[in-house]
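FYI, side chains are in, hydrogens and waters are out, and symmetry mates aren't considered; it's all heavy atoms of this structure. All ligand and atom numbering here is 1-based and tracks the order in the structure. Quick caveat, the model's predicted, so the values are computed rather than measured.
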Amino acid sequence: MSHFERMKQFLKQVNTPAQYLGGEVGIVVKPDEEVDLRWGLLFPDTYALGMSHLGMKILYGILNGIPGVAAERCFAPWTDMEAEMRKAGVPLLTLETHRPVRECDLVGFSLQYELSWTNVLAMLDLAGIPLLAGDRAGSDPLILGGGVNAFHPEPMADFFDLFLLGDGEDAVIRISEIALKMKAAGASRYETIVELARRVPGIYAPHLYEVRYDTDGRIAETVPIVEGVPERVEPAHIGNFEDAYFPTVTPIPYVQVTQDRIAIEVMRGCTQGCRFCQAGMLKRPTRLRSVEKIVALAKESYRASGFKEIALLSLSTADYPELPRLMAALDREFRDLRVGLSVPSLRVTESLKSIPSMVGQVRKSGLTIAPEVATDRLRAVIDKNIENDDLYAGMGEIYRQGWKAVKLYFMIGLPTETAEDVDGIIDMSRRVAGIGREINGSPGKVTAAISNFVPKPHTPFQWEPMAREEALLAKRERLMQTVRPHRTVMMKIHQTGPSLMEAILARGDRHVSRVLLRLFRDGSRFDAWDEGFDRSRWDRALKAEGVDPEFLLHRRREESEVLPWDHLGAPVSRAFLLEESARAGREERTQNCMDGRCHHCGVDVTECAPARKVFRQVRQAGEDSAGA
Ligand code: SF4
């Protein structure tokens with residue numbers, strides 16, 4: 001009996017069994033005789049989340065489009081399923097052909113958030129693949145990690161053969177070409193890793209680098225130990241975003257997933273320059289898709305899927321320069337089909353005043369806005385280019401358009417934060433609710449969602465210490481006490497424990513791998529979920545492995561200190577990050593470089609030229625029509 005047949009016998013005993021079956025409409029299953037190289041694309045979280053992830057769909061489509069190459073999906077089994085699989089001795093299987101993941105040639109993990117890393121170990125183990133890269137044999141697949149976490153992966157270095165920094169579209173084609181050649185030539189696993197590290201831009205092979213430490217535990221240097229691999233790995237990136245592959249035909253899930261809709265990436269990169277935002281630094285330069293291209297992709301995706309909602313994705317869709325023209329064009333195409341348009345999160349800008357009417361043509365359930373902080377002073381520190389008055393003016397328009405509820409995102413624990421900044425969160429939330437009363441006669445329904453700031457690698461705040469747990473708890477208590485008597489504002493505050501552990505993983509070095517291993521062995525799974533996170537287990541693991549949170553989190557790093565991710569290049573330069581850090585200290589904002597002058601952030605400015613041209617043209621047209 002096959003592994004899959006045996007798995008079917010216990011499917012009735014687990015939740016949402018259909019997520020483990022595969023066979024969805026839109027999948028690609030290639031006959032074995034046509035496959036020379038097989039990828040497993042693994043997402044270390046649930047099917048519902050992984051099937052909503054656009055990056056996974058892009059790579060699935062690109063790889064399956066290469067003759068001789070197949071890509072098959074696999075998501076983390078929930079704990080009930082993992083227990084049944086282990087009991088029955090069924091290994092981790094792909095959804096397309098139900099073959100064991102360990103039979104793939106390459107296994108690519110999507111690394112999007114640090115608290116999913118323990119699931120990576122659980123999936124490797126369930127697949128029967130040795131956890132430590134050094135223990136793997138020639139028959140084991142190469143294990144590769146991509147996604148934003150690949151820019152600071154040292155705590156995972158022991159478990160991976162390769163990381164891919166940056167855009168995956170062209171890189172996975174290059175990796176496949178080389179892997180195919182090396183396989184045909186009978187090359188060893190080590191030879192293939194070295195060849196990929198030498199020849200594919202963005203590839204980092206951690207075992208080809210040695211980390212040397214000073215006696216005080218700080219890193220002295222991280223250096224290549226094999227000739228021909230880069231001293232500093234620069235990220236891969238695609239220049240022609242307009243024509244980059246976009247998956248209009250994708251597997252259609254049979255079960256409810258987190259994002260049941262067409263999602264189109266309208267813009268890649270963001271140049272707002274918010275100093276806390278890692279994605280904003282890592283995804284530069286800004287690249288745009290044209291309105292015509294986006295509409296064509298939306299039509300094609302609708303024909304293939306029948307979804308009733310189109311989401312316009314990017315780090316800051318409100319900044320897409322031709323958003324009004326895009327929304328109007330999509331509205332013309334889809335209004336009669338009753339397909340809705342959504343913009344996941346709006347920034348508070350001038351355009352906020354016009355966007356709600358466009359988005360709201362279909363649904364007016366709730367709107368998400370991210371002021372991030374509640375005072376203009378702290379907003380200058382983090383370089384979020386808005387003022388409170390803009391927000392209040394925008395909110396008036398939102399209520400006038402018929403919206404009743406709004407979710408406001410904030411952070412606490414930021415550098416230089418004072419009691420006034422924390423209290424401001426409640427004041428701002430109440431005022432936003434009050435604007436609803438002025439306009440509609442009844443207060444708006446406001447949810448303030450508050451997270452704990454984590455100083456992330458490759459940002460201007462990477463040298464800052466993380467706020468201490470006691471300080472975060474005190475702020476949390478202060479917020480809870482203040483909001484309690486107020487019925488129009490609901491508050492959701494993220495727990496401090498998961499944020500601190502996320503920071504340990506994000507900022508850690510190779511010593512932290514021992515903690516991950518212990519956590520996995522002690523039963524850690526789904527740490528990003530309330531059901532999965534167990535603080536006492538983390539404390540035990542840190543203590544047992546002698547990893548000191550004080551050293552990793554709460555000391556300011558000197559500018560001269562070698563950081564665990566310094567050998568991994570981001571698009572932005574260290575000089576730019578230092579300058580931005582200094583400006584934060586002076587509470588100085590930096591103007592958006594799409595609308596103003598270039599700040600020479602480290603990106604090749606010619607790569608930004610096409611987007612800057614569109615921004616300039618749109619601004620000029622606006623000024624001309626205002627002057628007419
Ligand atoms: S190179 Fe200049 S224009 Fe391009 S992202 Fe950096 S600061 Fe902006």
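Without hydrogens or angle criteria, H554 side chain to M466 main chain gives a donor-acceptor distance under 3.5 Å. Judged by distance alone, the side chain of D167 and the main-chain N or O of I238 form a donor-acceptor pair under 3.5 Å.
Listed by atom number, the atoms of ligand 1 under 4.0 Å from H600 heavy atoms are 2 (Fe), 7 (S).
No side-chain donor from either of H599 and E580 sits under 3.5 Å from a side-chain acceptor of the other. Side-chain N/O atoms of Q462 and W565 include a donor and acceptor closer than 3.5 Å.
Listing protein N, O or S atoms at distances below 2.8 Å from atom 8 (Fe) of ligand 1, with waters left out, gives C593 SG.
Between H53 and F43, the ring center distance clears the sub-6.0 Å criterion.
The salt bridge (Lys or Arg N to Asp or Glu O under 4.0 Å) test applied to R332 returns no partner, not counting sequence neighbours.
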